Protein chains: 2
Amino acid sequence: MATGRTHRPATRSRGIPEATVARLPLYLRALTALSERSVPTVSSEELAAAAGVNSAKLRKDFSYLGSYGTRGVGYDVEYLVYQISRELGLTQDWPVVIVGIGNLGAALANYGGFASRGFRVAALIDADPGMAGKPVAGIPVQHTDELESIIRDNGVSIGVIATPAGAAQQVCDRLVAAGVTSILNFAPTVLSVPDGVDVRKVDLSIELQILAFHEQRKAGEEATTGVAAETAVPAAAREESGTDQGPDGDVPAVMPA
Amino acid sequence: MATGRTHRPATRSRGIPEATVARLPLYLRALTALSERSVPTVSSEELAAAAGVNSAKLRKDFSYLGSYGTRGVGYDVEYLVYQISRELGLTQDWPVVIVGIGNLGAALANYGGFASRGFRVAALIDADPGMAGKPVAGIPVQHTDELESIIRDNGVSIGVIATPAGAAQQVCDRLVAAGVTSILNFAPTVLSVPDGVDVRKVDLSIELQILAFHEQRKAGEEATTGVAAETAVPAAAREESGTDQGPDGDVPAVMPA
DNA sequence: ATGTCTTTGTGAACGCGTGCACAAAGATGG
DNA sequence: CCATCTTTGTGCACGCGTTCACAAAGACAT
């Protein structure tokens with residue numbers, strides 16, 4: 001992904017590199033699966049294969065956490081699960097609010113992976129007064145007016161933005177002002193936040209465009225190696241052929257129903 | 001974000017670095033917004049600010065595409081929009097199939113950003129026979145049995161997996177066997193694919209965990225600098241306190257309704 | 001035509017991340 | 001207790017990506 005890397009000179013998070021942090025959840029998932037199968041220990045080789053990474057990388061990653069392995073044997077699964085959970089801050093409960101209960105917001109609210117790993121959906125918030133009180137995933141939607149009080153009363157520090165792009169920055173500002181210091185942004189916009197606030201971005205459209213790039217290259221490679229699409233059309237091309245949806249730039253992660 | 005970087009030694013994609021490719025969609029979005037406001041030209045400084053990146057980085061990125069700017073003036077917005085679109089392969093239409101029409105799959109089907117930028121949802125596929133024929137986002141859901149014929153008949157090369165984790169690899173295998181060479185995976189699993197197939201992964205749970213890590217560090221920093229949470233609890237902790245949902249590891253990106 | 005001013009394009013330095021390859025550590029068997 | 005064998009932990013080198021800083025290029029005014 002894609003991070004808003006809004007502050008902090010990357011590394012020096014107590015020594016743990018950012019790239020390593022991003023892989024810890026991956027290891028944790030693989031370890032949890034092993035734990036369920038009651039596997040007592042794993043070698044770096046096995047675990048690396050399960051997580052889809054290089055074993056040397058995995059060992060180096062773990063070395064940042066400390067020496068939790070036993071040479072000649074491997075890593076104790078349960079112990080490692082606990083250590084990584086603790087390192088990631090998953091031993092405590094993180095109340096989370098989701099703002100923008102459209103299709104995506106609702107999907108997120110129903111997402112099982114949230115609750116099962118230290119995250120608790122404290123509230124669902126939407127600007128549409130018609131949504132207020134309507135339960136989604138068993139939680140009644142609340143109106144944006146109550147955003148500040150919800151944040152403060154529940155001690156929420158993590159917010160998820162699933163609003164249309166146009167509303168994202170405003171929602172973000174209110175979240176931050178109310179005390180939120182970490183934001184997961186699904187709206188297709190660049191959010192600007194003060195120092196000390198972390199933003200991570202998930203953008204479906206961007207992911208697809210990256211795939212399209214590689215796809216095009218593959219196609220152009222195997223077919224005409226000389227590439228026939230190099231014709232330099234001046235401009236005017238790529239006119240937004242008025243689809244039902246407005247110009248993409250302002251389209252929400254998903255339209256509020 | 002997170003890529004399956006399954007093949008290819010990264011760079012050398014005709015010279016364009018992977019990191020640059022990942023930013024092109026960002027620039028494109030900012031440029032499209034400018035285009036709509038009929039702004040004729042932008043400087044690297046302005047555009048960089050709009051896209052949330054460093055201006056030197058942006059200029060270097062564009063330099064990989066060619067010399068499309070005019071010194072002393074900046075970049076022609078329309079021309080650049082076209083060039084980037086072409087580079088990303090967005091001037092052609094990419095038929096896409098979405099497999100797994102649960103909450104998330106439905107949200108994706110309704111996502112406006114797909115259709116508006118060269119991507120067309122060719123079909124929605126789900127394993128539940130009860131879903132067959134039921135329209136989602138105006139498109140009737142089809143049964144998994146027809147997966148192969150759909151792919152072939154529509155010439156689909158990009159597939160989106162939004163199934164539970166347990167089904168993801170199997171779906172992936174079938175997609176690849178049928179001719180799909182790019183996959184966007186929302187299921188929390190590591191997919192293994194043959195060389196030549198690109199996989200990109202979007203994992204909501206992982207993003208939140210990364211945020212939690214930084215959040216914890218912030219909290220531990222400002223409060224007790226000596227960190228009081230360093231108490232080394234042996235193990236046994238972090239018992240999956242049987243939530244309604246099963247163990248997260250196998251939870252789908254979102255449960256099929 | 002010439003000079004000034006703006007902005008691009010890029011050479012070079014630096015830092016992070018990755019992967020190799022091996023020494024150190026410990027288990028295990030005799 | 002010693003030898004052997006497995007697997008960790010890490011020093012080192014390499015390459016990608018980022019950033020600085022500046023020369024080259026062109027617009028624009030005079």
Side-chain angles (χ1 to χ4, degrees), chain A residues 1-24 26-27 31 39-77 79-80 83 210, chain B residues 1-24 26-27 31 39-77 79-80 83 210:
Chain A
M1 209 83 316
T3 317
R5 177 68 39 65
T6 316
H7 75 118
R8 222 169 286 273
T11 180
R12 220 220 82 235
S13 305
R14 188 289 206 77
I16 304 181
E18 194 58 32
T20 295
V21 173
R23 278 188 296 267
L24 289 182
L26 223 53
Y27 302 144
L31 284 165
V39 178
T41 59
V42 257
S43 68
S44 63
E45 203 71 50
E46 293 167 325
L47 185 54
V53 302
N54 183 301
S55 72
K57 192 186 298 186
L58 178 142
R59 286 199 300 276
K60 181 150 290 195
D61 282 342
F62 285 174
S63 79
Y64 292 117
L65 308 184
S67 286
Y68 294 148
T70 306
R71 296 172 193 232
V73 176
Y75 298 92
D76 183 286
V77 173
Y79 187 60
L80 203 47
Q83 288 299 343
I210 295 173
Chain B
M1 162 109 305
T3 316
R5 177 66 39 65
T6 317
H7 74 118
R8 222 169 284 275
T11 180
R12 220 221 82 233
S13 304
R14 187 289 205 76
I16 302 181
E18 194 57 32
T20 296
V21 172
R23 277 188 297 267
L24 290 182
L26 223 53
Y27 302 144
L31 284 165
V39 178
T41 59
V42 257
S43 68
S44 63
E45 203 70 51
E46 294 167 325
L47 186 54
V53 302
N54 184 301
S55 73
K57 190 187 297 187
L58 178 143
R59 286 199 300 277
K60 180 147 288 196
D61 282 343
F62 285 173
S63 79
Y64 292 117
L65 308 184
S67 286
Y68 294 147
T70 306
R71 295 171 194 235
V73 176
Y75 299 92
D76 182 286
V77 173
Y79 187 60
L80 202 47
Q83 290 298 343
I210 295 172

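Keep in mind the model is a prediction, meaning the values are calculated, not measured. Every chain is numbered from 1, with letters handed out A, B, ... down the list of sequences.
Side-chain contact check for Leu31(B) versus Val42(B): some heavy-atom pair is nearer than 4.5 Å. For the pair Thr70(B)/Thr41(B), no side-chain contact is recorded, criterion being any heavy-atom separation below 4.5 Å from C-beta on. At a threshold of 4.5 Å between non-hydrogen side-chain atoms, the residues Ile210(B) and Glu18(A) count as touching. Looking only at side-chain heavy atoms (C-beta outward), Tyr68(B) and Asp76(B) stay at 4.5 Å or farther from each other. With contacts defined as side-chain heavy-atom distances shorter than 4.5 Å, the pair Phe62(B)/Tyr75(B) qualifies.
Here Ser67(A) lies in heavy-atom contact (under 4.0 Å) with sugar-phosphate atoms only. Residue-level contact check: Tyr75(B) touches the backbone only, with heavy atoms under 4.0 Å from sugar-phosphate atoms and none from bases.
The CZ atom of Phe62(B) sits 12 Å away from the C1' atom of dT8(C) (whole-angstrom rounding). For the pair Arg59(A) CZ and dG17(C) P, the interatomic distance rounds to 19 Å; values are reported in whole Å. For Asp76(A) and dT8(D), the CG to P distance is 13 Å, given to the nearest whole Å. Between Leu80(A) atom CG and dG9(D) atom C1' there is a gap of 14 Å when expressed in whole angstrom units. Here the P atom of nucleotide dT8(C) and the CG atom of Leu65(B) are 15 Å apart, to the nearest Å. When the C1' atom of dG19(C) is taken as reference, atom CG of Asn54(A) falls 6 Å away, rounded to whole Å. What separates OH of Tyr64(A) from C1' of dT8(D) is a distance of 15 Å, to the nearest Å. For the pair Asp61(B) CG and dT19(D) P, the computed distance is 11 Å after rounding to whole Å.
Phosphate proximity of dT10(C) to Lys60(B): absent, as no side-chain N or O sits under 4.0 Å from OP1 or OP2. For the pair Arg23(B) and dT18(D), the criterion of a side-chain N or O lying under 4.0 Å from OP1 or OP2 is met.
Of the two residues contacting DNA chain C, namely Arg71(A) and Ser63(B), the nearest-nucleotide position lying further toward the 5' end is that of Ser63(B). A residue-by-residue look at Ala56(A) and Thr70(A) shows that Ala56(A) has its nearest nucleotide of DNA chain C further toward the 5' end.
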**Request:** Take Val53(B) and Leu47(B), measure what side-chain contact (heavy atoms from CB on, under 4.5 Å) needs, and give me the verdict at the end.
**Result:** CA-CA 9 Å; Val53(B) 302; Leu47(B) 186 54; over 6 Å; no
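For the segment residues 39-46 of chain A, residues with any heavy atom less than 4.0 angstrom from an atom of DNA chain D are, sorted by number, Ser43(A), Ser44(A).
For Arg23(A), the salt bridge (charged side-chain N to carboxylate O under 4.0 Å, His left out) criterion is met by Asp61(A), not counting sequence neighbours.
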